[in-house]
Amino acid sequence: MNTIKTTCPYCGVGCGIEATIEDHATHRVSIKGDSKHPANFGRLCSKGATLGDTVSLENRLLYPSIQGKQVDWASALDHVAERFNTIIAQHGPEAVAFYVSGQLLTEDYYVANKLMKGFIGTANIDTNSRLCMSSAVVGYKRAFGADTVPCNYEDLELAELILLVGSNAAWCHPIAFQRIRKAKENNPNLKIVVIDPRSTASCDIADLHLPVKPGMDALLFNGILAYLAQNGRIDQTYIDTHTEGFEAALQEAVRTAGSIKQVAAGCGLPSEAVATLFDWFAGTEKTVTVYSQGINQSSSGSDKCNAIINCHLASGRIGKPGMGPFSFTGQPNAMGGREVGGLANTLAAHMDLENPEHVDRVGRFWGSDKVADKQGLKAVAMFDAIAAGQIKAVWIMATNPVVSMPDADKVKRALQQCELVVVSDCIANTDTAKLAHVLLPATGLERERRHRHQSGAAHLPATALVSGIRRSQTRLVDHQPSRATHGV
C-alpha cells in the first residue's frame with residue numbers, strides 16, 4: 001500500500017516509476033524505475049531518479065483563493081462558474097477560453113475539452129503543446145489523414161539506420177537515447193546520423209554528424225527524395241497502392257533540391273557528407289527518422305515534417321518493424337492531449353471540428369447539441385485576443401505562459417487587464433499565478449494527493465506531475481491513401 005506505480009512527469013518518453021512512501025510526516029518518498037514498464041524497463045535519468053525531492057509541501061499551492069484570500073472549494077468553484085456564466089451571457093461563448101498543458105493527465109485533458117467544446121460551445125481551448133508539437137500534428141495529419149505516429153520504441157532496436165534530426169535525445173529524452181546507444185552496442189551494423197547545427201551530446205554515438213544550416217532540413221530531405229527516385233530506390237508498388245500526390249511532391253523536391261552538390265551548398269555541408277547520407281538512406285531499408293523540437297519549432301516546421309515523411313512513404317518504409325518517421329514528443333502527455341482533441345482545431349479521437357458528421361457524432365456521444373463546429377483560437381492568437389479584450393475570461397491549467405509563451409511581456413500585460421484569470425497549478429508563486437484572480441490548487445503525485453486528503457487539505461484531481469502517456473503499439477493501417485505533400 002505504500003508503493004504505487006506511476007509515470008515520470010518530465011519528457012515525452014513516459015518512463016514508469018515506483019514511488020514508495022517512506023515517511024508521511026516528512027513527505028519522504030523513494031523513487032525507482034519500474035522494471036516491467038515498456039518505455040524504460042527500470043531505467044531512469046537524473047531527473048526521474050530525483051522525483052522524490054519534489055513532493056514536499058514547500059512552495060505548493062494548498063488552498064483555493066479568490067483575490068488573494070483563502071476560501072473553501074465550494075466558494076471558489078461557485079465563483080468561477082458564476083463569473084464564466086455571466087461573461088458568456090453578456091458576450092457569448094467566444095469570450096472565454098481555456099489554456100491547458102501537456103502536463104495534464106489524459107483524463108483531465110478530455111474533461112476540459114468536453115466542457116469547453118461540448119457544453120460552453122466554443123473551441124477556444126488550446127495547449128502549450130502548440131508551442132512544440134503542432135508542426136508534428138499537422139505533418140502527420142497532412143500525410144495520413146490523422147495525427148498518427150507510425151512507430152514505437154521497439155523500432156529503435158530493430159533499425160539499421162537511425163537519423164536524429166533536430167533532436168538532442170541524449171539530453172532531452174535520455175532513456176530513449178540509452179535504448180539507441182544499447183541498440184548500437186548490440187548491433188554493430190546500426191548507423192547513427194545526427195542532423196543538427198550544433199555538436200550535441202547525441203553526437204557521441206554518431207557515425208555521421210551533419211551540422212546543417214538552420215532552416216535547411218526540408219531541402220536536405222527533398223534532396224533524399226529526389227535521390228531515391230533518380231537511383232531507382234523508390235517503392236513503386238507501395239506508392240501506387242497506398243499513396244496519392246507522389247508525382248507532384250517529387251517534382252517539387254527535384255525542383256528545390258537539385259544535385260547533391262546543390263543540396264550541400266544550400267545546407268552548408270560538405271558534398272561528401274551529403275552523398276554518404278543519401279547513400280545510407282537509399283541502401284538501408286530499416287531506417288527510423290527521429291525528429292523533435294529542432295524540426296517542429298520553426299516557421300516551416302510542418303513542411304519539414306512532411307519532407308521527412310515523404311522519404312519514408314516513397315520508399316515504403318513505414319508501418320513495418322524497424323522503420324518510420326518518429327516524432328519524439330516534448331512533454332509527458334502532449335500526445336495524450338492530441339488523442340482527446342485538446343487543441344483549438346481538433347475534436348476528440350482525431351475527429352475534425354469542421355466535419356458536420358464528426359461534430360454530430362461527438363455531440364450524440366456527449367449528449368450535447370452545443371458542440372463547437374469551427375476552430376477556436378490557437379495559443380498565440382488566444383493571448384492576442386485577451387490583450388485585445390475579446391476574451392474576457394481564461395482558465396489556465398498546469399502551465400506558466402508568462403514564462404513559456406513567445407513575447408512573454410505581452411502575455412503578462414494581457415493577463416493583467418483580463419476580467420477573470422483562473423489558474424490551476426500545484427505551485428503557489430509562478431509568474432502566471434501572481435496574476436490570477438482565482439487560484440485552484442492541483443496535486444502532483446497520486447500518493448501525495450491521498451496524504452493531503454487524510455490530513456484534511458483540499459485537493460483536486462492530479463493535473464501536474466503524473467502523466468498517462470503510453471507509446472502506441474499499433475502500427476499504421478491504411479484506411480485511406482497517405483498523401484505525399486510538398487516539403488518546401
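Between the side chain of Ser292 and the backbone N or O of Phe328 there is at least one donor-acceptor pair closer than 3.5 Å. Within the 3.5 Å criterion, the main-chain N or O of Arg317 finds no donor-acceptor partner in the side chain of Lys320. Distance alone, capped at 3.5 Å, places no donor-acceptor pair between the Ser167 side chain and the Tyr291 backbone. Here the side chain of Asn124 pairs a donor or acceptor atom with the backbone of Leu377 at under 3.5 angstrom. The closest donor-acceptor contact from the side chain of Glu157 to the backbone of Arg179 lies at 3.5 Å or more, if one exists at all. At least one donor-acceptor pair under 3.5 Å links the side chain of Asn40 to the backbone N or O of Gly16. Looking only at distances, a side-chain donor or acceptor of Thr200 sits under 3.5 Å from a matching main-chain atom of Ser202. A donor-acceptor pair under 3.5 Å is formed between the side chain of Gln262 and the backbone N or O of Ser259. Between the side chain of Asp155 and the backbone N or O of Asn152, at least one donor-acceptor pair lies under 3.5 Å. Side-chain N or O atoms of Ser298 include none that pairs as donor or acceptor with a backbone N or O of Ile295 at under 3.5 Å.
Scanning all heavy atoms of the two residues, the minimum distance from Cys11 to Cys172 falls at CB-O, 3.3 Å. Taking each heavy atom of Gly14 and Ala39 in turn, the nearest pair found is O-CB, 3.6 Å. The minimum heavy-atom distance linking Ala334 with Ser129 is given by the pair CB-OG, 3.5 Å. Listed here is the closest heavy atom pair of Ser327 and Asn296: OG-ND2, 4.3 Å. The shortest heavy-atom contact between Leu225 and Ala314 is CD1-CB, 3.4 Å. When all heavy atoms of Ser101 and Ala398 are compared, the closest pair comes out as OG-O, 2.8 Å.
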Output, in order, the C-alpha distance, side-chain angles, deciding distance and verdict of side-chain contact (heavy atoms from CB on, under 4.5 Å) for Cys267 and Val274. CA-CA 9 Å; Cys267 294; Val274 173; 5.6 Å; no

side-chain contact (heavy atoms from CB on, under 4.5 Å), that's the test. Do Val362 and Lys114 meet it? Break it down for me. CA-CA 10 Å; Val362 173; Lys114 180 178 180 180; over 6 Å; no

Applying side-chain hydrogen bond (donor to acceptor under 3.5 Å, both in side chains) to Gln331 and Gln103, what does each step give before you reach the verdict? CA-CA 7 Å; Gln331 294 189 89; Gln103 302 292 321; 3.3 Å; yes

Give the C-alpha distance, both sets of side-chain angles, the deciding distance and a yes or no for side-chain hydrogen bond (donor to acceptor under 3.5 Å, both in side chains) between Thr106 and Asn333. CA-CA 7 Å; Thr106 303; Asn333 206 23; 3.0 Å; yes

Evaluate Gln251 against Val254 for side-chain contact (heavy atoms from CB on, under 4.5 Å), listing each step before the verdict. CA-CA 5 Å; Gln251 290 175 13; Val254 171; 5.9 Å; no

Could you walk me through whether Ser424 and Trp395 pass the side-chain hydrogen bond (donor to acceptor under 3.5 Å, both in side chains) check? CA-CA 8 Å; Ser424 295; Trp395 191 340; 2.9 Å; yes

Apply the test side-chain hydrogen bond (donor to acceptor under 3.5 Å, both in side chains) to residues Asn400 and Thr432: give CA-CA distance (whole Å), side-chain angles for both, the deciding distance (0.1 Å), then the verdict. CA-CA 5 Å; Asn400 188 12; Thr432 302; 2.6 Å; yes

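The distance from the SG atom of Cys15 to the CZ atom of Arg43 is 9.5 Å, given to the nearest 0.5 Å. Between the CG atom of Leu269 and the NZ atom of Lys213 there is a distance of 9.0 Å, given to the nearest 0.5 Å. Note that CG of Leu435 and CG of Leu415 are 5.5 Å apart. Values are rounded to the nearest 0.5 Å. Rounded to the nearest 0.5 angstrom, Tyr140 OH and Ser135 OG are separated by 12.0 Å. Of the inter-residue distances, the one linking Phe221 atom CZ with Tyr227 atom OH reads 15.0 Å to the nearest 0.5 angstrom. Taking OG of Ser300 as the reference point, atom CG of Asn306 lies at 11.0 Å (rounded to 0.5 Å).
A donor-acceptor contact closer than 3.5 angstrom is absent between the side chains of Asp235 and Ser315. Ser404 and Asn128 share no side-chain donor-acceptor pair at under 3.5 Å.
Looking at heavy atoms from C-beta onward, Ile427 lies in side-chain contact with Thr430 at the 4.5 angstrom threshold. When side chains are defined from C-beta on, Ile308 does not count as touching Phe326, because their heavy atoms never get closer than 4.5 Å. In this structure, Leu156 and Phe177 have side chains that are not in contact, with every pair of non-hydrogen atoms separated by 4.5 Å or more. The closest side-chain heavy-atom distance from Ile180 to Ile192 is below 4.5 Å. Using a 4.5 Å cut-off on side-chain heavy atoms (C-beta onward), Pro197 and Val212 make contact. Between Pro325 and Pro150, some side-chain heavy-atom pair lies under the 4.5 Å cut-off. For the pair Lys117 and Ile125, the minimum side-chain heavy-atom distance is below 4.5 Å. Counting heavy atoms from C-beta outward, Leu190 and Ile162 have side chains that approach closer than 4.5 Å.
Phe281 and His312 have their aromatic ring centers within a separation under 6.0 angstrom. Aromatic pair Tyr238/His242: ring centres closer than 6.0 Å.
Salt bridge present: Asp303 and Arg142 bring a charged side-chain N and a carboxylate O closer than 4.0 Å. In this structure, Asp207 pairs ionically with Lys184, as a charged nitrogen and a carboxylate oxygen lie closer than 4.0 Å. With salt bridges taken as basic N to acidic carboxylate O contacts below 4.0 Å, none links Lys191 and Glu160. A salt bridge links Asp217 to Lys304: one of the charged nitrogens lies within less than 4.0 Å of a carboxylate oxygen. Salt-bridge check for Lys36 with Asp34: failed, with every basic side-chain N at 4.0 Å or more from each acidic carboxylate O.
Heavy atoms of other residues, nucleotides or ligands lying less than 6.0 angstrom from NZ of Lys182 number 12 at most. Phe365 CZ: 12 or fewer foreign heavy atoms inside a 6.0 Å radius. Heavy atoms of other residues, nucleotides or ligands lying less than 6.0 angstrom from CD of Glu285 number 12 at most. Atom CD of Glu185 sits in a crowded spot, with more than 12 heavy atoms from other residues, nucleotides or ligands closer than 6.0 Å.
Phe383 meets the ring pair (Phe, Tyr, Trp, His ring centres under 6.0 Å) test with Tyr99; sequence neighbours excluded.
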Using atom types as modelled, flag every donor-acceptor pair under 3.5 Å from a side chain in residues 342-354 to any protein atom, sequence neighbours excluded.
residue, atom, partner, partner atom, Å
Asn345, OD1, Arg130, NH2, 2.9
His350, NE2, Glu339, OE1, 3.0
Asp352, OD1, Lys141, NZ, 2.5

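Note on residues 408-417: pairs passing side chain to side chain donor-acceptor pair (under 3.5 Å), not counting sequence neighbours, are Asp384-Lys410.
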